[in-house]
Amino acid sequence: MRTSTLPASTAATLRMKQRDSCSKHSIIKAISYIKGPHANLNPSCFYSGYTTHETTGQLQQAQHYITKHWIGKKDTKVPYNCRLILGVVSDFAKADAAHINDWSGVFKEFAESVSGKVYVLLGETIDPHSIWLQHERQALKDNQRVTEVEVWEIEGNGQLKKTNKTKATL
């Protein structure tokens, strides 16, 4: 009895197509949830960039700060318990770094769908190709349901500082 096996390149191509199909399905489900009547999106948080610590030279990622200091904390000095897009869509799929651009429509949809007060944490350096600059920032500015944007920045000493930036001056 002969068994046939696929060449490694063909098998890899099939796995990639299957993963892409699953990813597209997850993206559609995530957008449907975000647009749906039962979506729990608010208050929401957005983040981007990093600051280089002035003493240690270490990069201080906005994503690290927001998950460490804002999510689930009850510190009245900074926003807390706000919703991140990855937390909202985590039930549908994990957006891994290799496929993050596939999810750009989901990130934009999130920014277009939130309402009320929104929180933003930015580093001093933001990649010009970041999802924040390419999709989220303008969507928030154009979103009529967003009534206020509170912007925070990571300073060179590692402290978080509330800025005077507004929705109009993001």
Side-chain angles (χ1 to χ4, degrees), residues 13-50 61-76 78-123 125-154 160 162-170:
T13 301
L14 288 173
R15 282 192 303 274
M16 188 173 16
K17 285 182 180 180
Q18 183 180 22
R19 184 187 67 228
D20 289 347
S21 175
C22 289
S23 181
K24 287 177 186 170
H25 179 69
S26 296
I27 291 168
I28 291 167
K29 284 176 61 178
I31 289 175
S32 293
Y33 172 76
I34 289 168
K35 288 182 170 183
H38 303 294
N40 180 13
L41 308 178
N42 304 304
S44 59
C45 296
F46 296 82
Y47 62 87
S48 190
Y50 64 89
Q61 300 285 343
Q63 180 180 7
H64 169 76
Y65 268 81
I66 208 164
T67 56
K68 183 177 179 183
H69 299 287
W70 288 10
I71 306 302
K73 306 295 182 196
K74 293 194 177 185
D75 182 347
T76 57
V78 297
Y80 62 92
N81 289 333
C82 52
R83 304 278 292 163
L84 296 171
I85 181 62
L86 293 178
V88 170
V89 301
S90 65
D91 292 341
F92 305 107
K94 297 289 182 190
D96 61 297
H99 299 92
I100 201 73
N101 287 330
D102 294 345
W103 284 78
S104 61
V106 177
F107 288 90
K108 183 178 180 189
E109 188 65 46
F110 181 68
E112 290 173 344
S113 299
V114 298
S115 62
K117 188 173 186 177
V118 172
Y119 301 93
V120 177
L121 177 62
L122 300 173
T125 303
I126 300 172
D127 182 338
H129 303 290
S130 66
I131 290 172
W132 167 250
L133 291 178
Q134 296 294 314
H135 304 284
E136 295 171 328
R137 181 177 68 167
Q138 191 60 49
L140 280 177
K141 290 174 85 168
D142 294 342
N143 183 340
Q144 297 298 314
R145 292 178 310 280
V146 172
T147 57
E148 181 181 357
V149 177
E150 186 173 292
V151 181
W152 292 69
E153 291 180 350
I154 305 170
L160 301 181
K162 185 177 171 184
T163 73
N164 292 327
K165 292 180 182 176
T166 65
K167 180 178 175 180
T169 61
L170 277 176

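Numbering starts at 1 and runs along the sequence shown.
- Side-chain contact between Ile154 and Leu121 is present, with at least one heavy-atom pair separated by less than 4.5 Å.
- Between the Asn143 side chain and the Glu112 main chain, a donor and an acceptor come within less than 3.5 Å of each other.
- In this structure, the separation between OH on Tyr50 and CD on Gln63 is 15.0 Å, given to the nearest 0.5 Å.
- Atom OG of Ser48 is separated from atom CD of Gln61 by 9.5 Å, given to the nearest 0.5 angstrom.
- Leu140 is listed as a side-chain neighbour of Val114, based on a closest heavy-atom distance under 4.5 Å.
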Item to complete: May I have the step-by-step check of side chain to side chain contact (heavy atoms under 4.5 Å, CB included) for Tyr47 and Tyr65, ending in yes or no?
Response: CA-CA 9 Å; Tyr47 62 87; Tyr65 268 81; over 6 Å; no
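- Side-chain atoms of Ser113 come within 3.5 Å of backbone N or O of Glu109 as a donor-acceptor pair.
- Minimum heavy-atom separation, Ser44 to Cys82: C-CB, 4.0 Å.
- Contact between Val106 and Ala30 at its shortest, heavy atoms only, is CG1-CB, 4.1 Å.
- Annotation: the span from Tyr119 atom OH to Asn42 atom CG amounts to 10.5 Å, rounded to 0.5 Å.
- Side-chain contact between Ile85 and Ile34 is present, with at least one heavy-atom pair separated by less than 4.5 Å.
- Considering every non-hydrogen atom in both Glu136 and Phe107, the closest pair reads OE2-CD2, 3.4 Å.
- Smallest separation of non-hydrogen atoms from Ile66 and Cys45: CD1-CB, 3.6 Å.
- Leu41 is not listed as a side-chain neighbour of Arg83, based on a closest heavy-atom distance of 4.5 Å or more.
- Considering only heavy atoms from C-beta on, Leu170 comes within 4.5 Å of Trp132 through its side chain.
- Lys108 contributes atom NZ, which lies 11.0 Å from atom CD of Gln134 (distance to the nearest 0.5 angstrom).
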